[in-house]
Amino acid sequence: MRPKNLFPLLLLSALLAGPALAAPDLDDIISQANNVAYYSGDDGRADVAMTILDNQSRTRERLFTILRKDIEEGGDQLYFVYFKRPSDVRKTTFLVHKYMDRDDDRWMYLPSLDLVKRIAASDQRTSFMGSHFFHEDLSGRHLDADHHALLEENDTFYVIKNIPKEPADVEFASYTVWIDKKNFLPMKAEYLDKSGALYRTMEVLEVATIAGYPTVLKSRISDLEAGGSTVTRFSNVKYNLGLDDNLFSERYLRRPPREARQ
Amino acid sequence: MMKPRRLNLLLLPGLLLLLALPAQGAMDQLRERLYADYGLDLTGFVETRAGLRTQNDDYADDLTLAEARLQLHLSKDLGWGIFKAKGDLLADGVVDRVSGRLRDLNLLFFPAHNIDMKIGRQVLTWGTGDLLFINDFFAKDWQAFFIGRDDEYLKAPSNALKSSIFFELINIDLVYIPVFEGSAHISGERLSYWNGVLGRTAGNDFIFDLEERNSAGQDSEYAVRLSRHISSMEVALYGYNGFWQTPEGMVVPAMQLRYPRLQIYGASLRNPIWGGIGNIETGYYHSSQADHGRDPLTRNSEYRLLLGFEREIGHNFTAAGQAYLEWLMDYEEYKETLSPGTPAKDEYRQVVTLRLTKLLMNQNLILSLFTYYSPTDKDGYIRPKVQYKLTDQWLLEGGGNIFFGADNHTFFGQFQDNTNVYGGVRWSF
């Protein structure tokens with residue numbers, strides 16, 4: 001169909017859709033949700049406590065501090081993670097340079113060996129520290145990795161379905177996200193496997209406004225297939241600390257900055 | 001075969017301690033008090049390990065490992081610096097000894113905004129190789145590695161001063177080790193090895209004396225690294241002035257092993273490539289006391305080269321391979337001066353390695369395999385390992401150290417009779 005033939009069709013759909021057209025454009029909703037979830041302020045820090053419950057009801061704890069700096073809003077980012085618990089990983093540090101146009105660079109420093117190890121992992125959908133959170137859940141999934149469709153808009157949520165452009169790279173067939181219309185925080189996500197069954201959920205359990213930014217204080221990811229879940233709590237959340245780019249380098253991997261040790 | 005030793009009884013209290021320790025609450029309390037009252041951060045572990053040869057060795061015990069160990073790690077943030085002390089108390093049933101060893105006793109401080117300085121006992125590492133080292137010429141403990149202690153113990157500590165200076169264009173690391181200590185080499189005390197003088201495998205029936213190499217000022221080591229990032233690529237140049245870390249020379253007629261002088265000039269590069277990480281590292285080893293190959297009792301100069309690649313090949317499954325070359329310089333001179341009957345080394349020694357790591361059960365079960373194989377020496381070394389994190393505190397581990405070779409005099413081949421399996425349990429706090 002040539003472009004000009006589209007016009008009557010567009011006019012028709014505009015008439016049928018009526019007031020819905022006043023709502024933000026789908027791309028805007030998605031990028032705004034991404035910014036609210038992963039790019040609040042120019043930088044930030046949080047103490048993170050993960051409680052991992054396995055399918056035999058045993059719990060494991062992960063405590064770490066995370067520092068983040070945005071190179072560009074919605075774009076490249078720097079992450080620094082300083083582990084505190086369990087004690088076998090205490091003082092281990094992890095550095096991520098997140099890029100939009102290529103695989104992230106990741107390094108880990110193992111203090112007992114004084115070793116800066118470069119991590120080859122390109123798979124973003126592997127567990128972070130044995131939890132039910134994937135690396136991607138903590139630092140965000142690339143927006144252009146999926147096709148997006150607005151399934152529903154109600155009084156509270158924009159409900160958006162996401163279908164991966166490269167299905168072979170991921171374990172899900174699709175996932176649906178509920179984005180809060182007030183503040184654009186993604187409040188819930190449901191992942192469907194290739195047979196169409198729901199096997200993984202993310203729920204935000206507690207939200208607060210910190211320095212003007214809507215901030216998740218507690219969330220849970222559940223594995224409905226294998227059983228088990230991880231609850232993550234964020235505390236001492238701060239924004240716009242003026243973190244220097246240099247903090248996200250090998251120097252500070254070997255000797256974590258005060259901002260992470262506090 | 002030797003009689004079971006007295007010290008093996010010491011393992012019993014070690015085990016009991018392990019069983020008694022789940023007093024996690026008490027330990028947490030102690031830790032909180034140390035932190036609240038003194039600002040001291042305490043962590044550590046207790047573990048016990050045992051290992052056995054899987055075949056008879058005419059020159060060594062059946063037991064390769066029988067020990068209980070306590071490690072304590074204290075650190076204090078001083079504001080202007082960080083103090084760290086870490087040490088092990090080891091009851092070793094194989095050599096019948098209880099010993100304490102400090103791994104860290106150092107102070108890290110920041111004399112200028114772009115300088116980090118660490119002074120004291122510390123573990124030092126740089127370079128890009130994976131269990132193959134070219135420019136990382138800091139002390140190692142191969143014995144610990146070969147008998148199945150934790151990987152941590154492959155790196156031996158050094159008494160050193162390390163200063164790191166950070167500039168916009170380049171970072172400079174300088175390391176000064178006032179008195180050379182050398183790596184823990186395979187002396188025959190607990191592992192049998194090829195003894196070139198006897199022309200046979202030997203164990204604790206023949207332990208060489210070592211020439212002293214411990215005078216401050218004269219026996220110092222210096223190492224330097226210049227490094228920088230160019231986008232995602234890490235580039236580094238290295239220099240080292242010191243000694244072979246293992247006794248690669250001999251003094252006659254004293255029949256003492258010697259650590260000959262050595263200078264290294266090297267470079268490395270590490271960069272993402274083909275969906276993984278690739279690295280190249282090279283070094284020229286100038287063995288200045290080898291007299292250009294005319295001294296048959298000192299190891300010749302060498303050129304070393306390493307190529308490596310690692311990538312994820314499946315979900316929680318990583319593979320890494322390396323190809324490594326040791327090119328012996330002055331090979332004609334080496335062959336001419338070789339005493340009759342001594343097997344000659346290859347001019348180009350090659351080693352390939354393969355590492356496979358698979359994580360299962362929420363990453364609590366770790367299966368790993370590291371293999372060295374030398375097509376030129378026709379020998380190799382396989383390290384299978386299973387680790388299971390029962391809880392955040394309890395770790396179970398089992399593995400093997402499998403040596404094979406066509407000859408008894410090659411690097412891995414000489415350890416054939418030391419092939420062993422081991423198991424251990426660790427409680428971390």
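Below, all heavy atoms of this structure are taken into account, side chains as well, without hydrogens, waters or symmetry copies. In the text below, chain A, chain B and the rest are named by the order of the sequence lines, each starting its count at 1. Treat the numbers as computed from the prediction; the structure is a model and nothing was measured.
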### Message
Taking the side chain as everything from C-beta on, heavy atoms only, tell me whether B:Pro272 gets closer than 4.5 Å to A:Asp105.
### Response
yes

### Task
Under 4.5 Å heavy-atom distance to chain B, tell me which part of A:Leu110 shows up: side chain, backbone, both or neither.
neither

#### Entry: Side chains of B:Lys86 and A:Pro111 in contact at under 4.5 Å (non-hydrogen atoms)
no

### Backbone N/O of A:Ser127 and side chain of B:Gln363: donor-acceptor pair under 3.5 Å
yes

### Query
So, B:Asp392 and A:Arg62, do they make that salt bridge, N to O below 4.0 Å?
yes

#### Entry: Sidechain N-carboxylate O distance under 4.0 Å for B:Asp116, A:Arg254
no

### Summary
Honestly, the part of A:Arg251 sitting under 4.5 Å from a heavy atom of chain B is both

#### Entry: Approximate separation, where rounding is to 0.5 Å, of B:Asp136 CG and A:Asp114 CG
9.0 Å

### Task
Before accepting this row, confirm whether a basic side-chain N of the pair A:Arg118/B:Glu234 lies closer than 4.0 Å to the acidic partner's carboxylate O.
yes

### Task
Answer yes or no: is there a side-chain heavy-atom contact under 4.5 Å between A:Lys91 and B:His73?
yes

### Task
Give me the one residue out of B:Arg225, B:Arg270, B:Arg228 that meets salt bridge (charged side-chain N to carboxylate O under 4.0 Å, His left out) with A:Glu250.
B:Arg225

### Task
May I ask you to test the B:Val123-A:Leu113 pair for a side-chain heavy-atom distance under 4.5 Å?
no

### Region of A:Asp123 that comes under 4.5 Å of a non-hydrogen atom in chain B
both

### Task
Measure distances from A:Arg125 to the heavy atoms of chain B and classify the residue's part below 4.5 Å as side chain, backbone, both or neither.
backbone

### Task
For the pair B:Thr125 (side chain) and A:Leu115 (backbone), establish whether a donor and an acceptor sit closer than 3.5 Å, ignoring hydrogens and angles.
no

### Message
Is it the case that over 12 heavy atoms from other parts of the model lie below 6.0 angstrom from the CD atom of A:Glu206?
### Response
yes

### Side chain to side chain, A:Thr126 and B:His315, heavy atoms closer than 4.5 Å
yes

### Option in B:Asp150, B:Asn279, B:Leu124 with maximal non-hydrogen atom pairs under 4.5 Å from chain A
B:Leu124

### Task
Tell me, yes or no, whether the heavy-atom count around B:Phe110 atom CZ, taken from other residues, nucleotides or ligands under 6.0 Å, exceeds 12.
yes

### Query
Given side chains that start at C-beta, do those of B:Phe45 and A:Ser87 come closer than 4.5 Å, heavy atoms only?
no

### Task
Go through the steps for A:Arg60 and B:Lys389 under the test side-chain contact (heavy atoms from CB on, under 4.5 Å), then give the verdict.
CA-CA 10 Å; A:Arg60 294 169 202 262; B:Lys389 295 177 185 172; 3.9 Å; yes

### Message
Distance alone, cut at 3.5 Å: any donor-acceptor contact between the side chains of B:Arg103 and A:Ser112?
### Response
no

### Test: A:Arg90 and B:Asp41 ion pair at under 4.0 Å
yes

### Task
Among the options B:Asn316, B:Thr391, B:Asn364, pick out the one with the most heavy-atom pairs lying under 4.5 Å from chain A.
B:Asn364

### Query
Does atom NZ of B:Lys385 have more than 12 heavy-atom neighbours, drawn from other residues, nucleotides or ligands, at distances under 6.0 Å?
yes

#### Entry: Heavy atoms from other residues, nucleotides or ligands near CD of B:Gln29 exceed 12 (cutoff 6.0 Å)
no

### Task
Indicate yes or no: at least one non-hydrogen side-chain atom of A:His97 is less than 4.5 angstrom from one of B:His229.
no

